[in-house]
Amino acid sequence: MSAARRALLTVAAAVVVGGAAAVWFVVHQPVSQPPGCTVAGIGSSGSTFALTPDQAGNAATIAAVGQQLGMPDHAVTIALATALQESGLANLTSGDRDSAGLFQQRPSQGWGTHAQVTDPVHASTAFYDHLRTVPGWQQLSVTDAAQRVQHSGAPDAYAQWESEARAAAVALTGQTPGALTCHDLAITAPSASIATTAAAEWGTGTISGAHTVARGWALSLWLVAHAQRLGVDRVGFAGWTWTAASGAWSQGGSVADTLSFHQMSGTA
């Protein structure tokens, strides 16, 4: 358990010995925190917000696919706001009528088969492909652009997620170093291959080594967001290191502009 995330449960008890006055003592017991992730807000007044590890992993996939397709940060923000509204960043197997997946896409409306719309990589790619066809989407607000793609019965609902989506997009595209962290994770042998997952989401199976600052941080936070699934217990980049044991980024333990990580033993 991360020491930084460990809470204390205080228990007070009284003991009466031989009719004498009560003797009070206090016992402090650690209380486990559930696994979770935190995204930093934008600017000094921005509030952090929490995600489950599954939500963080899905957000990281959406952001990675967007970057692979060459989409700008605004597109990633639109996609994340849409997924937050449509599914709460959960890869749902069902929904309204035949809707399913992160974006609640409908096979009957040409988004793909049920298996495809519940594949986060396919669903994210399909969303960005549809967004590209919207005239002038780059100048549209987040909620207007999302609505042009989704044709929702609640067209203004995406606006409520804009601040969270923008903060997550800034973090996951590497614009703010170390802006996502995950804590109290149970890291075991990987259930998925890093090379295979990275190839699908980033277009390359090799992610360690030298990178520009933004790409290095984007890849680093992608690894942290997927740490449980990929069995990663340490990530280092640009003089900073995240460990599953600490659940936080700290200075030291890595080489400038070089991404490194440690994966638990076992084959996915």
Side-chain angles (χ1 to χ4, degrees), residues 2 4-5 35-42 46 48-68 71-73 75-77 79-80 83-84 89 120-121 124 163-185 187 190 192 194 197-204 206-263:
S2 162
R5 300 292 304 183
C37 301
T38 302
V39 179
I42 298 175
T48 62
F49 69 99
L51 297 171
T52 68
D54 282 346
Q55 287 176 314
N58 288 329
T61 294
I62 292 169
V65 171
Q67 290 168 93
Q68 181 189 166
M71 300 298 280
D73 296 354
V76 176
T77 299
L80 289 170
L84 280 162
L89 278 173
V121 174
S124 299
S163 61
E164 290 89 344
R166 193 173 302 282
V170 166
L172 293 167
T173 58
Q175 303 306 306
T176 303
L180 178 145
T181 189
C182 295
H183 57 83
D184 296 283
L185 302 181
I187 305 297
I194 290 179
T197 305
E201 300 188 12
W202 285 97
T204 176
T206 302
I207 58 176
S208 59
H211 295 286
T212 62
V213 173
R215 185 168 177 84
W217 276 113
L219 288 165
S220 296
L221 299 190
W222 178 84
L223 283 168
V224 172
H226 285 296
Q228 283 196 150
R229 178 184 176 208
L230 299 179
V232 172
D233 62 356
R234 178 179 54 78
V235 180
F237 181 69
W240 290 83
T241 299
W242 171 89
T243 65
S246 69
W249 288 95
S250 60
Q251 286 188 293
S254 66
V255 179
D257 301 332
T258 300
L259 170 59
S260 63
F261 60 88
H262 178 264
Q263 186 178 36

Audit row: Thr197, Leu230, side chain to side chain contact (heavy atoms under 4.5 Å, CB included) steps and yes/no: CA-CA 9 Å; Thr197 305; Leu230 299 179; 3.9 Å; yes
Closest approach of [X] to [Y] (non-hydrogen atoms, all atoms of both residues):
{"X": "Ala171", "Y": "Val39", "answer": "CB-CG1, 4.3 Å"}
{"X": "Ala56", "Y": "Ala225", "answer": "O-CB, 3.6 Å"}
{"X": "Ile62", "Y": "Ala83", "answer": "CD1-CB, 3.8 Å"}
{"X": "Ala167", "Y": "Ala40", "answer": "CB-O, 3.6 Å"}
{"X": "Cys37", "Y": "His183", "answer": "N-NE2, 4.2 Å"}

Would you mind writing out the side-chain donor-acceptor pairs for residues 173-180 within the sub-3.5 Å range, not counting sequence neighbours?
{"residue": "Thr173", "atom": "OG1", "partner": "Ala169", "partner atom": "O", "Å": "2.6"}
{"residue": "Gln175", "atom": "NE2", "partner": "Thr173", "partner atom": "O", "Å": "3.2"}

Mind checking side chain to side chain donor-acceptor pair (under 3.5 Å) for [X] and listing every partner two or more places apart, or none if nothing turns up?
{"X": "Ser254", "value": "none"}
{"X": "Trp222", "value": "Glu201, His226"}
{"X": "Arg234", "value": "none"}

side-chain contact (heavy atoms from CB on, under 4.5 Å) against Trp249, all qualifying residues, sequence neighbours excluded: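 side-chain contact (heavy atoms from CB on, under 4.5 Å) check on Trp249 returns Thr181, Trp217, Ser220, Leu221, Val224, Val235, Trp240, Trp242.
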Side chain to side chain contact (heavy atoms under 4.5 Å, CB included) evaluation trace for Val121 with Thr61: CA-CA 7 Å; Val121 174; Thr61 294; 4.1 Å; yes
About how many Å separate [atom2] of [Y] and [atom1] of [X], when rounded to the nearest 0.5 Å?
{"X": "Ile187", "Y": "Asp184", "atom1": "CD1", "atom2": "CG", "answer": "11.0 Å"}
{"X": "Arg229", "Y": "Leu185", "atom1": "CZ", "atom2": "CG", "answer": "14.5 Å"}
{"X": "Thr204", "Y": "Gln68", "atom1": "OG1", "atom2": "CD", "answer": "9.5 Å"}
{"X": "Asn58", "Y": "Thr52", "atom1": "CG", "atom2": "OG1", "answer": "8.0 Å"}

N/O donor-acceptor pair under 3.5 Å between Gln67 side chain and Trp202 backbone: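 Not at all, since once roles are kept as given, no pair shorter than 3.5 Å links the two residues.
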Side chain to side chain donor-acceptor pair (under 3.5 Å) pairs, two or more places apart, involving residues 163-172: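 Sorted result for residues 163-172: Glu162-Arg166.
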Minimum side-chain heavy-atom gap Phe261-Ile194 below 4.5 Å: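 Sidechains of Ile194 and Phe261: in contact.
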